[in-house]
Participant: 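Let me begin by handing over the structure; questions about it come next.
Proteins get letters first, then strands, A, B, ... in listed order; numbering begins at 1 in each.
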2 protein chains.
Amino acid sequence: MPAVSDCTEMLDSETKAVETPEDHAEELRLWLRLLTCTTLVEGEVRGRLRQRFDVTLPRFDLMAQLDKAPDGMTLSDVSKRMMVSNGNVTGLVERLVESGHLDRRTSETDRRVQVIRLTKLGRAEFRRMAAEHETWIADLFADLTPKDVRELMRLLAKTKASAQKSAARRRS
Amino acid sequence: MPAVSDCTEMLDSETKAVETPEDHAEELRLWLRLLTCTTLVEGEVRGRLRQRFDVTLPRFDLMAQLDKAPDGMTLSDVSKRMMVSNGNVTGLVERLVESGHLDRRTSETDRRVQVIRLTKLGRAEFRRMAAEHETWIADLFADLTPKDVRELMRLLAKTKASAQKSAARRRS
DNA sequence: CCAAATTGTTTTAAGCCTAAAATGTTTCCC
DNA sequence: GGGAAACATTTTAGGCTTAAAACAATTTGG
């Protein structure tokens with residue numbers, strides 16, 4: 001916080017500098033709107049995935065990560081990328097291996113590590129779903145101009161950095 | 001779609017106008033970034049609520065809805081506002097009634113309807129949590145200027161409208 | 001008036017998700 | 001080499017979430 005703040009300050013009865021309770025209503029509203037947008041899109045995508053392909057969103061997301069990694073990923077990698085807990089990934093992978101979409105093997109160099117890959121079936125099904133998925137997203141964001149999209153990308157990058165910094169601050 | 005599109009078109013072998021497979025990679029990236037921001041903030045808030053108040057995020061969210069409605073809300077209202085399923089609300093309410101934070105009664109004019117309210121305890125606890133919650137949000141968004149916030153609000157409003165329109169299109 | 005449609009809620013079955021503890025493996029470093 | 005720390009994963013317990021079906025009450029239209 002800067003030494004001199006724009007905010008008015010006041011002195012309490014014991015002459016100790018105390019901040020006025022700042023108004024963060026705008027940030028709160030922003031957060032709620034962000035959440036609304038995400039929930040809306042997510043719900044829509046979830047429903048369409050289920051109806052068209054009888055697949056859940058988390059499974060689709062996991063397969064999307066693996067599609068970008070032809071050599072496979074460790075469970076930890078997936079967990080970090082998807083920003084979900086380790087145990088969650090364990091369960092998801094279990095079901096996707098069961099259904100024949102994933103291949104799981106223990107790393108030869110480090111027996112702690114499980115490496116997972118899409119199977120041929122898994123990759124084929126994912127590609128089919130992803131193509132359609134992309135059109136859904138395009139449709140959901142259809143009213144945004146290319147400029148809107150660029151501007152949102154920029155501002156959300158800033159938002160992400162801000163939130164990461166705040167989270168790191170707390171963890172330290 | 002406008003009669004004359006900026007996109008190049010081509011004719012297929014049967015002379016029927018066919019769109020080139022359009023590139024929606026930008027929208028896709030935007031969606032992923034939006035999701036990342038939300039997941040980041042949500043995870044941070046979830047963790048802090050648990051650590052500081054031993055309360056879950058869904059319970060906090062439900063209480064937030066009720067705090068804005070002194071006369072109570074029906075379960076359907078809550079479900080719509082929170083954009084979650086009916087059954088989900090039933091379970092949440094059950095636990096919050098159990099813990100003494102909520103009061104639930106059947107409407108006198110329509111015996112299908114359940115009206116829920118915050119109890120005195122529920123309201124007091126919520127207010128205490130909400131005050132701190134607001135500072136967390138402010139901190140998470142601290143690097144955004146007031147102008148950034150305004151601009152994001154505007155663009156997300158547009159995003160929300162676009163997504164709602166798309167969802168309505170599909171439902172019809 | 002009454003059957004049909006609608007509305008509000010709960011139940012069910014299955015899956016998702018988290019935090020924390022437990023387990024097994026590797027690395028570090030003395 | 002060997003114990004401690006770090007790491008990767010799984011397990012556990014509890015709660016959240018959804019879609020769909022079931023149930024109950026009200027409204028609607030003949």
Participant: For DNA chain D, whose closest nucleotide is more 5', that of Asp77(A) or that of Arg111(B)?
Facilitator: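 Of the two residues, Asp77(A) wins.
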
Participant: Between atom CG in Leu57(B) and atom P in dT18(C), what is the gap in whole Å?
Facilitator: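 One finds 12 Å between P of dT18(C) and CG of Leu57(B), rounded.
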
Participant: Counting only side-chain heavy atoms from C-beta out, which of dT25(C), dG8(C), dT18(D) sits nearest to Lys80(B)?
Facilitator: dG8(C)

Participant: Please check if Leu40(A) and Val84(B) belong to a single hydrophobic cluster, counting links between Ile, Leu, Val, Met, Phe, Trp and Tyr side chain heavy atoms closer than 4.5 Å.
Facilitator: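 No, because Leu40(A) and Val84(B) fall into different hydrophobic clusters, even though each may have its own neighbours under 4.5 Å.
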
Participant: Just to be sure I understand the rule, does Ser76(A) reach a base, reach only the sugar-phosphate, or reach nothing, if contact means heavy atoms closer than 4.0 Å?
Facilitator: sugar-phosphate

Participant: Can you tell me which nucleotide in dA20(D), dT9(D), dC16(C) comes closest to the side chain of Asn86(A)?
Facilitator: dT9(D)

Participant: Grab the CG-P distance between Asp61(B) and dG15(D) for me, whole Å please.
Facilitator: 18 Å

Participant: May I have the distance from Glu108(B) (atom CD) to dG8(C) (atom C1'), rounded to whole angstrom?
Facilitator: 17 Å

Participant: Could you check whether Thr56(B) gets within reach of a base, just the sugar-phosphate, or nothing at all, counting any heavy atom under 4.0 Å?
Facilitator: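 The answer is sugar-phosphate, as Thr56(B) gets under 4.0 Å only of primed atoms, P, OP1 or OP2.
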
Participant: Can we say Glu132(A) and Arg128(A) salt-bridge, meaning some charged N sits less than 4.0 Å from an Asp/Glu carboxylate O?
Facilitator: no

Participant: Contact class for Ser79(B) vs. all strands (heavy atom < 4.0 Å): base, sugar-phosphate, or nothing?
Facilitator: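 Answer is nothing: Ser79(B) stays at 4.0 Å or more from every strand.
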
Participant: Is the shortest side-chain N/O distance from Arg59(A) to OP1 or OP2 of dC16(C) below 4.0 Å?
Facilitator: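 Yes, because at least one side-chain N or O of Arg59(A) sits under 4.0 Å from OP1 or OP2 of dC16(C).
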
Participant: Pro58(B) side chain: which of dT18(C), dT11(D), dT17(D) is closest?
Facilitator: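 Given the options dT18(C), dT11(D), dT17(D), the side chain of Pro58(B) is closest to dT17(D).
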
Participant: From the set dA19(D), dT26(D), dT26(C), return the single nucleotide nearest to any side-chain atom of Arg46(A).
Facilitator: dA19(D)

Participant: Side chain of Arg50(A) only, heavy atoms from C-beta on: which candidate in dT18(D), dA20(D), dC16(C) is closest?
Facilitator: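 It is dA20(D).
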
Participant: Go through dT10(C), dC7(D), dT9(D) for me and flag the one nearest to the Gln114(B) side chain.
Facilitator: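 Nucleotide nearest to Gln114(B)'s side chain: dT10(C).
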
Participant: Check this one for me: any side-chain N or O of Arg104(B) less than 4.0 Å away from OP1 or OP2 of dT10(C)?
Facilitator: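 Result: yes.
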
Participant: Please check if the side chain of Thr36(B) supplies one atom and the backbone of Leu32(B) the other of a donor-acceptor pair under 3.5 Å.
Facilitator: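 Yes, the answer is positive, given that a donor and an acceptor are paired below the 3.5 Å cut-off.
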
Participant: Rounded to the nearest angstrom, tell me the gap between atom CD in Glu94(A) and atom P in dC16(C).
Facilitator: 11 Å

Participant: Looking only at the side chain of Asn88(A) (C-beta and beyond, no hydrogens), which of the listed nucleotides dT18(D), dT10(D), dT18(C) gets closest?
Facilitator: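 The answer is dT18(C).
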
Participant: Does Val89(A) or Gly87(B) map to a spot on DNA chain C nearer the 5' end, using the closest nucleotide for each?
Facilitator: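 On the 5' side of the pair lies Gly87(B).
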
Participant: From dT9(C), dG8(C), dT9(D), pick the nucleotide closest to the side chain of Leu75(A)?
Facilitator: dT9(D)

Participant: Between P on dT9(C) and CE on Met73(B), what's the gap in Å once rounded to a whole number?
Facilitator: 11 Å

Participant: Could you check whether atom CZ of Arg81(A) has more than 12 heavy atoms from other residues, nucleotides or ligands sitting under 6.0 Å from it?
Facilitator: no

Participant: Reading DNA chain C from 5' onward, which residue's closest nucleotide shows up sooner: Gly43(B) or Leu92(A)?
Facilitator: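 Closer to the 5' end of DNA chain C: Leu92(A).
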
Participant: Could you tell me how far apart Glu42(B) (CD) and dA19(C) (P) are, to the nearest whole angstrom?
Facilitator: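 To the nearest whole Å, that distance equals 12 Å.
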
Participant: Counting only heavy atoms not in Lys160(B), do more than 12 fall under 6.0 Å of its NZ?
Facilitator: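 No - once you tally the heavy atoms of other residues, nucleotides and ligands closer than 6.0 Å, there are 12 at most.
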
Participant: Please determine, for the side chain of Val84(A), which listed nucleotide (dT9(C), dT18(C), dC16(D)) has the closest atom?
Facilitator: dT18(C)

Participant: Could you tell me how far apart Gln51(A) (CD) and dA19(D) (P) are, to the nearest whole angstrom?
Facilitator: 9 Å

Participant: I want to verify a distance call: between dT9(C), dA8(D), dG15(C), whose nearest atom is closest to the Arg95(A) side chain?
Facilitator: dG15(C)

Participant: To the nearest Å, give me how far apart CE (Met63(A)) and P (dC16(C)) are.
Facilitator: 13 Å

Participant: Output the distance between atom CE (Met153(A)) and atom CG (Leu155(B)), rounded to the nearest 0.5 Å.
Facilitator: 13.0 Å

